[in-house]
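Quick caveat: nothing in here was measured; it's all calculated off a predicted structure. Computation of the quantities below employed the complete heavy-atom set of this structure, encompassing side-chain atoms and omitting hydrogens, waters and symmetry-equivalent molecules.
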Amino acid sequence: MDALKQELKKNIIEQLNLEDFTVEDILDDDPLFGDGLGLDSIDALELIVLLDKDYGIKLTDPIEGKIVFKSIEVLANYITENRTK
Amino acid sequence: MFQNRVAITGMGIVSSIGNTVEENLKSLLKSKNGISPIINFKTRHLHDIKVGEILKTNAQLATFLKLPKDHNYSRTALLGCIAAKQAVAKAKIKDISLHRTGLISSTSVGGMDMTERHFKKFHENKNSSKFISSHYASDSTEKIADQLGITQYITTISTACSSAANAIMLGTRLIKTGQLDRVIVGGTDALSKFTINGFKTLLILSDTDCAPFDADRKGLNLGEAAAYLILESDAIVDEGNKEVLAYVEGYGNANDAFHQTASSDNGEGAYLAMRKALDVANIQPEQIDYINVHGTATPNNDLSEGIAMKRIFGERVPDFSSTKAFTGHALAAAGAIEGVFSILALQNQVMFPNLNFQTSIPELKIIPITKVINKPLKYVLSNSFGFGGNCSTLIFSKGK
Amino acid sequence: MKACFINGVASISAQATFNQSCFLEDVIVHNSKTINAIHPNYKDFINPITGRRMATGVKMGIAASKLALDSAQLACPDAIITGTGMGCIEDSEKFLNSIIENDEQYLTPTSFINSTHNTVAAQIALTLDCKGYNVSYVHGSVSFESALYDAQLLLHENEASNVLVGAVDELGNQFIQDIVISEENQSQAILTPFGEGAHFFTISSSRQDGSYCELKAIQIINIATPDSIQENLKEFLNQNRLLLSDVDVIVLGCNGDEFDCYYHNLQRLLFDTIPQIHYKHLCGEFFTASAFGFWVATNILKKQYIPNSVKLNNVEKSRYKNVLLYNQFKGRQHSFTLLTSC
């Protein structure tokens with residue numbers, strides 16, 4: 001699980017060009033959107049692709065995404081339960 | 001300062017519901033849509049989307065234009081040339097060089113339909129390398145100018161899905177201020193993998209026939225089309241005693257300045273564009289008889305546009321419909337094809353249905369026209385909004 | 001048309017033009033086929049969270065527009081009008097490659113959004129919260145002139161008092177290589193490098209202490225021959241009540257290809273007694289390179305000085321009042337722009 005969280009942090013920083021952040025800067029419970037990392041709706045679409053490409057999870061509803069992308073903790077749990085690759 | 005009234009004396013269109021103005025009108029009156037699975041090129045998304053496609057191959061279009069075999073016309077240019085030539089013929093222009101004539105065309109992807117086939121192998125052979133220059137957004141405009149013999153002022157506008165409305169607006173301003181006597185205005189966009197996949201990444205494509213302004217709308221159908229209007233000054237109209245199909249009475253352009261791809265919650269950009277257009281036309285909101293809404297059928301656009309309409313019109317929103325369920329969303333051409341439909345509405349004193357509507361959006365409680373309705377129309381308003389917050393509104397009035 | 005004053009200017013180019021105090025005194029001689037702009041530190045203009053998805057073109061546009069507004073002491077214009085030949089081509093290339101390489105799978109929206117040609121003007125509007133008129137022109141080498149003409153019209157119609165006009169083009173990575181190869185196959189190819197840049201100007205209906213000059217007129221011509229362009233030019237001057245002898249400086253878009261004959265005719269036949277200027281050897285050829293020429297002309301009028309690096313001949317004048325710019329690309333997309341000191 002910890003490895004997955006680390007991997008997620010690394011990939012999110014890379015995919016979303018968060019060049020001023022390091023893996024250590026993102027805490028497992030930090031909100032990814034809004035006040036936390038400051039991600040927005042376009043980032044959500046980017047993350048949907050990341051889920052599909054890396055873990056074989058297809059989200060089609062951006063609203064569903066909002067729940068799943070609450071924090072690294074929530075996202076890692078969701079991936080563990082739903083991943084197909 | 002302004003003396004010239006700007007008349008529309010010709011128009012031409014190719015869309016998924018017809019290859020001429022008459023065919024388009026016939027489809028609109030018969031409530032016959034042009035939405036189907038894509039056939040002109042292969043895409044992985046064949047079964048996930050429906051589109052408003054023109055059911056002619058590039059080869060058929062090129063034959064129609066009598067082009068030489070080694071031509072480098074993109075589909076965008078082919079469609080544009082056909083529609084623009086129809087418009088010139090309709091306006092009965094014999095010698096285009098007799099008046100100061102300009103061309104303002106618009107496109108979103110230009111020659112991308114060819115670029116995406118030849119990219120990465122442009123230099124394998126001449127059949128590929130000839131499409132390097134057709135990639136440029138200016139290319140389709142220049143080809144239209146060449147086909148029509150326009151040698152002076154030509155330019156190309158690209159403001160995403162509001163492009164053609166801005167071309168019509170600029171042409172009108174150039175005539176009003178006496179810069180030009182005649183301007184051919186409109187837009188052209190062909191379907192491409194580039195746009196299909198682009199809209200797909202935004203999760204706003206519907207897998208069914210789109211349902212504008214419906215509570216359960218799932219997104220838009222992309223389309224391809226081209227349409228052009230001939231705008232002429234009073235002087236040309238009087239001199240030739242020409243038939244006037246309609247007038248461009250008002251126009252407004254504003255930016256929502258809210259988000260790169262989404263419309264604001266209060267529809268500010270749309271509100272400002274409509275407000276400006278009414279001011280330019282110097283009419284009151286209640287004088288608008290019918291609105292051809294932008295109505296893409298995405299959850300975000302229709303809600304935002306509806307809110308903006310309610311801000312302008314209060315509880316008495318005029319009769320309105322989106323014709324995108326007929327044609328799909330033809331991006332940069334949308335403002336021009338909907339301009340043609342607005343003019344057809346004025347000419348025939350008829351409003352076209354908003355197909356696939358069942359339930360009104362709960363936040364709005366407004367209901368579009370769902371069947372063909374005849375009614376006296378004097379002023380028709382047409383909205384076109386695009387990514388980047390670009391919002392434009394046109395107001396057309398009845399011709400003479 | 002009504003008077004238009006150039007009150008603020010900014011340039012990001014392959015020369016050190018972003019520094020407003022420099023005017024091409026020390027120039028970099030470029031010998032490669034393609035040259036990148038000298039980019040400012042964008043973090044000074046754009047916060048990292050907003051900037052992380054921005055294309056190079058958008059960043060250049062935002063920084064240059066900020067400088068052009070600052071130099072006119074303006075916070076927000078009434079309208080934003082831009083021109084670009086290729087848009088944010090780097091992102092278009094990226095999206096095209098992803099479509100082809102991944103067979104239409106796993107595509108993300110950012111490079112698509114950046115590929116829409118209006119993205120620069122839109123993101124400037126977003127940054128400034130500017131809800132006014134907003135249009136983008138994409139007509140090759142007259143993209144910038146189209147934007148300028150629209151701005152002049154807006155001021156004339158009293159629809160705006162201050163308009164931000166600009167032009168942006170990126171060099172990109174792949175498409176430019178194809179262009180370079182096609183160019184090499186020409187009998188007389190473009191000799192200047194290919195470049196990139198962003199040029200923004202604040203254009204206003206009223207004059208300020210720091211005004212650079214006045215924009216008198218612009219004309220765009222789709223097609224002309226090397227002979228007919230002379231007639232076009234005389235007619236253009238005539239419409240602006242000027243004689244050939246009233247032109248003090250001619251700024252030409254020479255790039256070394258066979259179409260330079262359009263410029264040579266004017267140089268030899270009409271303007272052999274006045275200073276002749278070129279600039280594409282400094283900024284490179286790109287669809288909105290003429291905006292660099294425009295930037296040079298505004299500076300000549302304000303500073304009343306022509307740097308050696310742009311001189312095509314050795315003629316000098318004691319005072320520069322009327323500057324005429326002429327540009328074309330491959331025998332099409334001709335434009336005349338007339339600037340006057342104020």
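Contacts of C/Leu107 with chain A are made by backbone atoms alone, with heavy-atom separations under 4.5 Å and no side-chain atom involved. Heavy atoms closer than 4.5 Å to chain C are found in the backbone of A/Leu37, but not in its side chain.
Applying the ring pair (Phe, Tyr, Trp, His ring centres under 6.0 Å) rule to C/Phe329 yields the partners C/Phe287; only residues at least two apart in sequence or on another chain are considered.
Nearest heavy-atom pair, A/Leu18 versus C/Ile49, reported as atom, atom and distance to 0.1 Å: CD2-CD1, 4.1 Å.
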Counting backbone as well as side chains, what donor-acceptor pairs lie under 3.5 Å between chain A and chain C?
residue	atom	partner	partner atom	Å
A/Leu16	O	C/Arg52	NH1	3.0
A/Asn17	ND2	C/Arg52	O	2.9
A/Asp40	OD1	C/Arg53	NH1	3.1
A/Asp40	OD1	C/Arg53	NH2	3.3
A/Asp40	OD2	C/Arg53	NH2	2.7
A/Asp43	OD1	C/Arg52	NH1	2.9
A/Asp43	OD1	C/Arg52	NH2	3.4
A/Asp43	OD1	C/Arg53	NH1	2.8
A/Asp43	OD2	C/Arg52	NH2	2.7
A/Asp43	OD2	C/Arg53	NH1	3.2
A/Glu46	OE1	C/Thr108	OG1	3.4
A/Glu46	OE2	C/Thr110	N	3.2
A/Glu46	OE2	C/Thr110	OG1	2.3

